[in-house]
Every structure is written in structure tokens, then in C-alpha cells.
Amino acid sequence: MTHNEILGIIDIGSNSIRLVIYELDQDGAYRIIHEDKYAARLSNVVEQDGTILRHSLGKAITILRQFRATCEAYQTKLIRAAATAAIRNAGNAPEIIGWLEAETGLTIECVSGDQEAYYGFLGVTQSIDLADGYVVDIGGGSTEITVFRDRKRLHSISLPIGAVNSHARYGGEDQWTEANVNALCNEVIQALSNQDWVTQHPGLPLIGLGGTMRTLAKVEQKRTQYSLPVTHHYEIGAEEMENIARSLPHLTSAQRKKVPGLAKDRADIIVPGVLILRTVFRIIQGDRYVVSGAGLRDGLLRDLLAEGKPVVPDALRDSIRNFIHFGPPIPEKRLNRINHDALTLYTALHGSAPDPADARILYTISMLHMAGKQINYFRYPQHSAYWIMNASIYGLSHRETILSAIAADYHPKKRTPQLLHKHKDILKDSDERHAHRLGSLLRVTEAINRSESITSIKATKENDSLQMQFICTAEPLLELSGLEEAVKDLQEAWGVTLTHSIQQASRE
């Protein structure tokens with residue numbers, strides 16, 4: 001048996017030091033097998049002259065040693081460690097890197113501002129299927145802004161303005177004064193005043209990376225009692241973010257610590273974080289905020305694995321490929337056939353090919369409806385639905401995620417109505433009918449591909465009748481048996497009657 005490789009990525013940030021350990025197979029598919037972090041807050045130990053003294057690195061050195069020991073326990077082949085703003089902007093950055101390397105045995109890259117923006121962009125494009133947008137990564141000591149169109153990076157800038165160092169300059173122990181709020185916002189405006197490209201792409205989404213964006217998503221989800229507790233690809237409207245940015249600075253520190261969804265260790269730095277974010281949003285004239293759960297560490301991995309072609313062309317297919325490679329041993333050829341047949345039936349029934357959203361949903365349910373077998377074979381459709389909803393599949397909106405989960409565990413008179421009701425805050429009014437249609441397609445195509453007897457299908461619709469032709473290598477006894485129940489759901493969901501014929505496949 002060939003052993004998979006284990007890689008470690010260490011992000012030495014201005015607020016936190018983070019470790020992610022990945023398992024990679026021979027085809028380049030990967031999954032996270034361990035994560036850890038520690039809020040070292042290196043931005044707070046920068047001296048007035050811009051340097052960091054050796055004795056101020058004690059906690060960072062201890063954590064890096066512990067992270068290296070964890071990597072060794074997992075038998076990592078390679079550890080890639082990268083230091084960002086707090087260290088690169090220090091007046092003695094080379095000396096700091098030397099101290100850390102000598103004390104930990106790690107090789108540490110000092111990542112430039114442009115490189116940090118690039119890695120963040122790679123993390124976004126591998127996790128979200130948006131063609132255009134602004135990536136805004138608010139760290140402890142810097143903020144990176146990138147605009148991309150057609151999934152190509154056009155411009156980037158790194159500002160030495162972050163959540164931790166801004167709190168040190170403008171924040172107090174308790175509430176923020178109006179003067180300090182304005183001072184921080186004006187610093188951001190001034191820093192971007194000579195960057196014409198920042199204002200030349202209005203109406204695009206702001207895709208936020210880092211702890212500030214994730215925390216604000218959790219706060220908004222708690223406030224609205226959002227039914228899917230997943231932050232990746234969560235969207236926040238401009239008005240909702242304005243309300244957060246207006247209220248948080250004027251709460252006391254004790255009051256902020258009691259805000260649902262706001263972790264106590266972020267109660268101080270969330271204020272400068274949201275002010276920076278809101279100011280950038282106004283300048284770029286964004287249309288909404290989108291949360292990315294992937295960022296710098298994902299970009300560092302992507303850059304390492306796909307040098308020369310780092311941008312993922314299709315986030316959904318890449319994400320699903322990673323699962324299939326580490327999931328239960330299900331024939332991928334059969335899954336692809338199910339997807340092909342589902343597209344064939346959808347096109348015949350609907351009269352046209354699916355739009356991009358439905359195509360994504362059909363692909364997801366075709367490839368992942370048996371994912372739950374990795375947990376337990378029995379009741380695997382329920383496990384598959386849970387996995388789809390909670391694994392942050394890259395490339396799907398939250399609505400698409402819910403519809404995929406419902407269709408993967410399609411039980412029109414049992415669990416499907418329950419899931420539709422539970423997530424009515426995310427779904428459209430028309431999605432009840434939509435879920436039934438997509439779920440019934442999966443059940444029929446599952447039955448068609450129950451064994452290897454049916455090699456292909458043809459489908460045509462005339463009035464309210466759907467005619468299916470099965471091209472077979474043998475009598476499809478298993479398939480026809482499974483179709484009996486599945487056909488009833490399809491006929492009811494689509495308002496058609498179904499007939500079929502069998503044609504012997506050519507022996508050539």
C-alpha cells in the first residue's frame with residue numbers, strides 16, 4: 001500500500017500563529033487532518049522604533065516548537081512556515097527570522113505584502129466559484145486588498161493597518177470615541193487615495209478573509225437565528241454590516257464580550273476590524289459581503305502543489321474530487337454516469353439544460369449522495385445530507401448546499417419536509433417544488449445505475465409523457481426493480497407519466 005504524504009503549513013500572523021496539517025494522496029487530492037492556533041499577538045510587542053526584541057518572542061518560540069513537535073508526530077514530509085505583517089514590517093525583520101529559525105529548527109519565509117495578497121487570492125479562488133470580486137484580508141498587522149475579474153488577479157495592495165495594531169493606536173480599554181473611529185477610517189481612506197483601481201470596479205462582492213470576517217458572520221447568524229451554522233460562503237448585506245459597524249464601537253468591552261457569536265478574545269480587536277472592513281466596502285462600492293473560510297494557509301498549500309497553474313478552474317469539482325479520493329471506495333465511473341443521466345433527464349423534462357446553479361446541485365448530489373457510507377453504511381443517505389450541509393463544500397452557496405442535502409436524502413413524505421421547514425430562512429418559496437424535482441431525479445438515476453446492465457439512456461418528452469430508452473448489455477432486472485418506487489416520485493414531482501423501452505447494446 002502506498003503511503004500518502006503529510007504536509008504542515010504554519011502561518012505566523014500578527015494576531016495568531018496557526019498550524020494546519022494536510023494529508024495528500026498520489027493524485028494531489030488533499031484533506032485537513034489537524035488544526036491548531038494560538039493568539040500570540042505579535043503586533044502588540046512591536047517597540048516604538050518598529051523593532052521586536054528577542055525577549056518578546058518567548059511565547060512565539062514556544063508555540064512554534066510545539067507546532068513542530070505536532071508535525072513530527074504526524075510524520076510530516078515538509079513544513080512550510082510563513083511570517084506576515086508583524087515580522088515583515090519590523091525594523092529588524094531578518095534578525096527576528098534568524099532568532100526564530102535558530103530556536104525552532106524551522107525554515108521561515110518572510111512573506112511580502114504582495115505575496116500575502118496573492119496567497120489569499122489563491123485561497124478564495126479554490127474555495128468560491130465567483131468570477132469577479134474584491135478579496136479583503138484583515139489581519140492583525142495589515143490589510144490586503146485584491147481585485148480579480150474572470151478569476152484573474154488584476155491589482156493588489158497591502159496596507160500596514162490591521163485589527164491589532166489599529167486597536168493599539170486608536171482603541172481604548174472600553175468604548176471607542178467618535179474621534180478615534182473617524183481617525184482610523186480616515187487612515188484607511190488616505191492609504192487608498194492614490195490607488196485608482198480600487199474604485200474602478202463598483203458593484204462587486206467583497207470577499208472577506210480572516211478572523212474579523214468569520215466573527216462578524218457568527219454574530220449576524222446568531223442575531224438572525226440562521227439555520228445553517230456554517231460561515232464559509234455566508235453573505236451579509238451592506239445595511240446589516242452598517243448596523244454592526246455603528247453599534248460595536250459604542251459598546252463597552254464587557255458588553256461586547258456578551259454579544260452572541262463574538263468570542264471574548266476578539267472583543268477588543270473586532271471594532272477596528274469591522275471599521276476597516278466597512279471603510280473598504282464603501283470605497284470599492286461593493287454590493288455585499290461574502291465570507292471565505294479559506295485564505296492564506298490554503299493559498300500557501302495551493303502554491304506549493306500547483307506551481308505554474310495555481311488557480312483552481314472549478315472550486316466545486318476540486319472540492320468534491322478531494323472528498324472522493326479520501327471517501328468510501330465507490331466507483332467514480334458510476335457516480336459520473338449518474339450525473340450524466342440526471343442531466344439527460346433534467347434537460348428532457350425541463351426543455352433546456354440546467355442553469356449553472358442547478359448544474360452544480362445535480363453534480364453535487366450525483367457525486368456525494370453516498371458520501372455518508374464513510375460514517376456508516378446503514379442510513380447513509382442521512383449521513384450524506386449531514387456531511388453536505390456541514391463540510392463547507394467549496395463552490396456552493398448556502399441555498400445550493402441545502403438543496404443538495406435535501407436531494408441527497410430525498411424522502412418526500414418523511415425527512416424532506418422537515419429539512420425544507422428547518423431551512424426556510426435560506427430557501428426560496430419555490431424551492432419546495434424544486435427540491436422534490438431534483439430529489440426525484442437522483443432516485444431515478446440511482447436506480448438506472450444500480451448495476452452495470454444499462455450503458456446509456458435516451459429521454460424525450462411529449463406533452464405530459466416522458467419516454468426513456470435504456471441501452472442494455474443484459475436484461476436490467478435490478479434496475480427495473482429499483483425504478484418501480486422511484487418513478488412514482490418523479491411522476492408526481494414533474495407532472496408526467498413515464499414509459500420505457502429496452503434496446504440491446506451493440507456488441508461491436
Could you tell me whether the side chain of [X] and the main chain of [Y] form a donor-acceptor pair under 3.5 Å?
X: Tyr30; Y: Arg302; answer: no
X: Asp150; Y: Lys152; answer: no
X: Asn15; Y: Gly139; answer: no
X: Arg151; Y: Val311; answer: no
X: Gln382; Y: Asp409; answer: no

Can you confirm whether [X] sits close enough to [Y] that some side-chain heavy atom of one is under 4.5 Å from a side-chain heavy atom of the other?
X: Ile270; Y: Leu248; result: yes
X: Ser14; Y: Leu42; result: no
X: Leu209; Y: Phe121; result: no
X: Thr231; Y: Gln221; result: yes
X: Arg321; Y: Asp318; result: yes
X: Leu184; Y: Pro272; result: yes
X: Leu228; Y: Met389; result: yes
X: Leu204; Y: Phe148; result: no

Asn376 CG: over 12 foreign heavy atoms closer than 6.0 Å = yes
Can you tell me which residue pairs pass the side-chain hydrogen bond (donor to acceptor under 3.5 Å, both in side chains) test with a partner in residues 260-285, sequence neighbours excluded?
-> Arg41-Asp268, Glu242-Arg278, Glu242-Arg282
May I ask you to say whether Arg169 pairs ionically with Glu187, meaning some side-chain N is under 4.0 Å from a carboxylate O?
->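 Yes.
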Salt bridge (Lys or Arg N to Asp or Glu O under 4.0 Å) between Glu35 and Arg18, worked out | CA-CA 8 Å; Glu35 277 194 335; Arg18 295 173 180 267; over 6 Å; no
How would you list, by chain and number, every residue that makes a side-chain hydrogen bond (donor to acceptor under 3.5 Å, both in side chains) with Asp25, sequence neighbours excluded?
->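 His325.
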For Asp114, all residues meeting side-chain hydrogen bond (donor to acceptor under 3.5 Å, both in side chains), sequence neighbours excluded | Arg153
Return each pair, listed once, that meets ring-ring contact (aromatic ring centres under 6.0 Å, His included) where at least one residue sits in [range]; pairs must be two or more places apart or across chains.
range: residues 206-230; result: Tyr226-Tyr234, Tyr226-His398
range: residues 236-279; result: none
range: residues 51-93; result: His34-Tyr74

Non-hydrogen atoms of [X] and [Y] that approach each other most closely:
X: Leu122; Y: Thr125; result: O-OG1, 3.2 Å
X: Ala294; Y: Ser292; result: O-OG, 2.7 Å
X: Val147; Y: His201; result: CG2-CD2, 3.8 Å

Please name all residues satisfying salt bridge (charged side-chain N to carboxylate O under 4.0 Å, His left out) with Glu5, sequence neighbours left out, ordered by chain then number.
-> Lys77
With sequence neighbours left out, write down each residue that passes salt bridge (charged side-chain N to carboxylate O under 4.0 Å, His left out) with Arg214, or none if nothing qualifies.
->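 Arg214 satisfies salt bridge (charged side-chain N to carboxylate O under 4.0 Å, His left out) with no residue once adjacent residues are dropped.
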Can you give each donor-acceptor pair under 3.5 Å made by side-chain atoms of residues 188-197, sequence neighbours left out, with the distance rounded to 0.1 Å?
unit_1	atom_1	unit_2	atom_2	d
Ser193	OG	Gln190	O	2.8
Gln195	OE1	Trp197	NE1	2.9

Checking side-chain contact (heavy atoms from CB on, under 4.5 Å) against Leu24, which of Leu304, Asn322, Ile6, Leu7 comes through?
-> Leu7
Check: Ser227/Asp425 side-chain N/O donor and acceptor closer than 3.5 Å =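 Side chains of Ser227 and Asp425: pair found under 3.5 Å.
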Any side-chain donor near an acceptor of the partner, Ser384 and His369, under 3.5 Å |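 Result is no, nothing qualifies.
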Interatomic spacing from CD1 in Ile393 to OG1 in Thr401 - rounded to 0.5 Å |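 Ile393 atom CD1 to Thr401 atom OG1 measures 6.0 Å (nearest 0.5 Å).
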Mind checking side chain to side chain contact (heavy atoms under 4.5 Å, CB included) for Arg288 and listing every partner two or more places apart, or none if nothing turns up?
-> Leu130, Pro205, Glu235, Val290
Mind checking what makes side chain to side chain contact (heavy atoms under 4.5 Å, CB included) contact with Thr199, not counting sequence neighbours?
-> Ile283
Return each pair, listed once, that meets salt bridge (charged side-chain N to carboxylate O under 4.0 Å, His left out) where at least one residue sits in residues 82-99; pairs must be two or more places apart or across chains.
-> Arg88-Glu116, Arg88-Glu144
